[in-house]
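See structure below.
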Amino acid sequence: MKPFVLIATRPEDEVASNEKTSIVDFTGLCEEDLIWARLDREPFPELAAEDISGIILGGSPFTVSEPDETKSAAELRAEKEIFRVLDHVFEQDIPFFGACYGIGTLGTHQGALIDRTYGEPLGAIEVALTEAGQADPLIREAGMSCTFTGLVGHKEAVRSLPEHATVLATGQACPVQMFRVGTRQYSTQFHPELDVPAIIERARAYRDHGYFSPDQMEEVFEALAAVTADQPPKLLRAFATLFAR
């Protein structure tokens, strides 16, 4: 099988490594079937479309909607490199799946308006599939219910999508929870790469990044611990299944 590429933009080594482990577990891929590209510190590997099965973009503390002057050198480097990768994704129709940070990067690349209008604090929400979502081949492969629990925590989100993008899932506080561009380029606002223990661990690492009030951290974690969010990871398994070659 040709490998998938996991794009990571998390500067923290332990957090990035844990994300990779989650992606391997939820996709069902072997370690040797995943190329790990940490774009906050190095360029995307020189790979042609025929060399890989697809690309997965993990989450990130980075945001695309902030002014460039507020961004670190690592963030600017990663953002520039991701947009270059997305150029190739659409030129060569490479399967792509972005989680959370993918909303901002894929959306911006395709002409969406990304801002803080629909940010959501760390927590669990109800996600509902649209009619297009219920008919989408990736979602059907994953066997998703029409409504399911998603784990979120994001400062920015889609305010408006271009006409050529298709909304696949919605939420009450954040209208675009998943969209598709083309036939096999996807992004979710919720986190399919995290289960409840993993998002709690992630939140501890980012307790001072503005996703929730640090004073309320334990209360937030207690509420999350009572949640089951086992459907979103099925999307990653479906992505690997559909596009492996």
Side-chain angles (χ1 to χ4, degrees), residues 22-23 25-28 56-59 95-104 106-107 112-114 116-203 211-212 219-243:
S22 292
I23 296 289
D25 288 346
F26 291 141
T27 57
I56 299 168
L57 172 63
F96 177 88
F97 190 105
C100 196
Y101 187 45
I103 284 276
L106 179 61
L113 173 59
I114 308 295
R116 292 192 173 221
T117 302
Y118 298 117
E120 293 177 293
L122 180 70
I125 65 163
E126 181 178 276
V127 180
L129 296 178
T130 64
E131 185 175 342
Q134 293 176 51
D136 181 81
L138 176 67
I139 291 173
R140 290 176 68 87
E141 176 69 26
M144 307 291 287
S145 301
C146 290
T147 60
F148 57 89
T149 298
L151 302 175
V152 299
H154 54 99
K155 301 173 186 176
E156 62 182 12
V158 171
R159 184 171 178 180
S160 64
L161 280 173
E163 290 185 1
H164 65 278
T166 301
V167 179
L168 302 176
T170 66
Q172 184 174 4
C174 179
V176 180
Q177 284 291 333
M178 183 176 183
F179 71 86
R180 184 188 70 236
V181 181
T183 59
R184 50 187 188 169
Q185 288 79 36
Y186 294 89
S187 190
T188 64
Q189 186 65 81
F190 57 87
H191 284 278
E193 85 284 14
L194 296 174
D195 56 15
V196 170
I199 200 169
I200 290 174
E201 179 183 27
R202 176 79 51 78
Y211 297 106
F212 57 92
E219 289 88 343
V220 171
F221 291 173
E222 184 178 353
L224 279 170
V227 168
T228 299
D230 56 358
Q231 290 213 36
K234 295 178 181 179
L235 289 166
L236 290 172
R237 178 65 65 103
F239 184 77
T241 300
L242 277 182
F243 299 118

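Values below: every heavy atom of this structure, side chains too, minus hydrogens, waters and symmetry copies.
The closest side-chain heavy-atom distance from Thr27 to Ile56 is below 4.5 Å. Put simply, the side chain of Leu138 reaches to within 4.5 Å of the side chain of Phe239, judged on heavy atoms. Contact of the Gln189 side chain with the Cys100 side chain is registered, since non-hydrogen atoms from C-beta on lie closer than 4.5 Å. With contacts defined as side-chain heavy-atom distances shorter than 4.5 Å, the pair Phe221/Leu122 qualifies. Counting heavy atoms from C-beta on, the side chains of Leu242 and Arg184 never come closer than 4.5 Å. Side-chain contact check for Phe97 versus Pro192: some heavy-atom pair is nearer than 4.5 Å. Side chains of Tyr118 and Val158 form no contact here, defined as non-hydrogen atoms less than 4.5 Å apart. Residues Asp195 and Asp230 fail the side-chain proximity criterion, which asks for heavy atoms closer than 4.5 Å.
Taken to the nearest 0.5 Å, the CD atom of Gln134 stands 5.5 Å off from the CG atom of Leu129. In this structure, CZ on Phe243 lies 9.5 Å from CD on Glu141, to the nearest 0.5 angstrom. In this structure, CG in Leu236 is found 8.0 Å from OG1 in Thr188, a value given to the nearest 0.5 Å. The CZ atom of Phe179 lies 5.5 Å from the CG atom of Leu161; values are rounded to the nearest 0.5 Å. Once rounded to the nearest 0.5 Å, the distance linking CG of Leu106 with CD of Gln185 reads 7.5 Å. Here the CG atom belonging to Leu168 is positioned 4.5 Å from the CD1 atom belonging to Ile139, to the nearest 0.5 angstrom.
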Given side chain to side chain contact (heavy atoms under 4.5 Å, CB included), test His164 with Val181 step by step and report yes or no.
CA-CA 7 Å; His164 65 278; Val181 181; 3.6 Å; yes

Step by step, work out the side chain to side chain contact (heavy atoms under 4.5 Å, CB included) result for Tyr186 and Asp136.
CA-CA 11 Å; Tyr186 294 89; Asp136 181 81; 3.0 Å; yes

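Across all non-hydrogen atoms, the minimal contact from Gln177 to Cys174 is NE2-CB, 3.4 Å. Summarising the geometry of Gly107 relative to Ile114, their closest heavy-atom pair is CA-CD1, 4.4 Å, with the distance given to 0.1 Å. Of all heavy-atom pairs between Ala169 and Val127, the closest is CB-CG1, 3.6 Å. Summarising the geometry of Ala132 relative to Thr166, their closest heavy-atom pair is CB-CG2, 3.6 Å, with the distance given to 0.1 Å. Glu193 and Phe26 make their closest contact through O-CE1, 3.4 Å (heavy atoms, listed as atom of the first residue, atom of the second, distance).
Under a 3.5 Å cut-off, the side chain of Arg140 and the backbone N or O of Ala142 do not form any donor-acceptor pair. When atom types are taken as modelled, the side chain of Arg116 and the backbone of Glu156 share no donor-acceptor pair closer than 3.5 angstrom. Judged purely by atom type and a 3.5 angstrom limit, Ser187 uses its side chain to pair as donor or acceptor with the backbone of Gly98.
For CD of Gln172, the number of neighbouring non-hydrogen atoms (other residues, nucleotides, ligands) closer than 6.0 Å is 12 at most.
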Under 3.5 Å, which donor-acceptor pairs do the side chains of residues 145-153 form with other protein atoms, sequence neighbours left out?
{"unit_1": "Ser145", "atom_1": "OG", "unit_2": "Gln231", "atom_2": "NE2", "d": "2.8"}

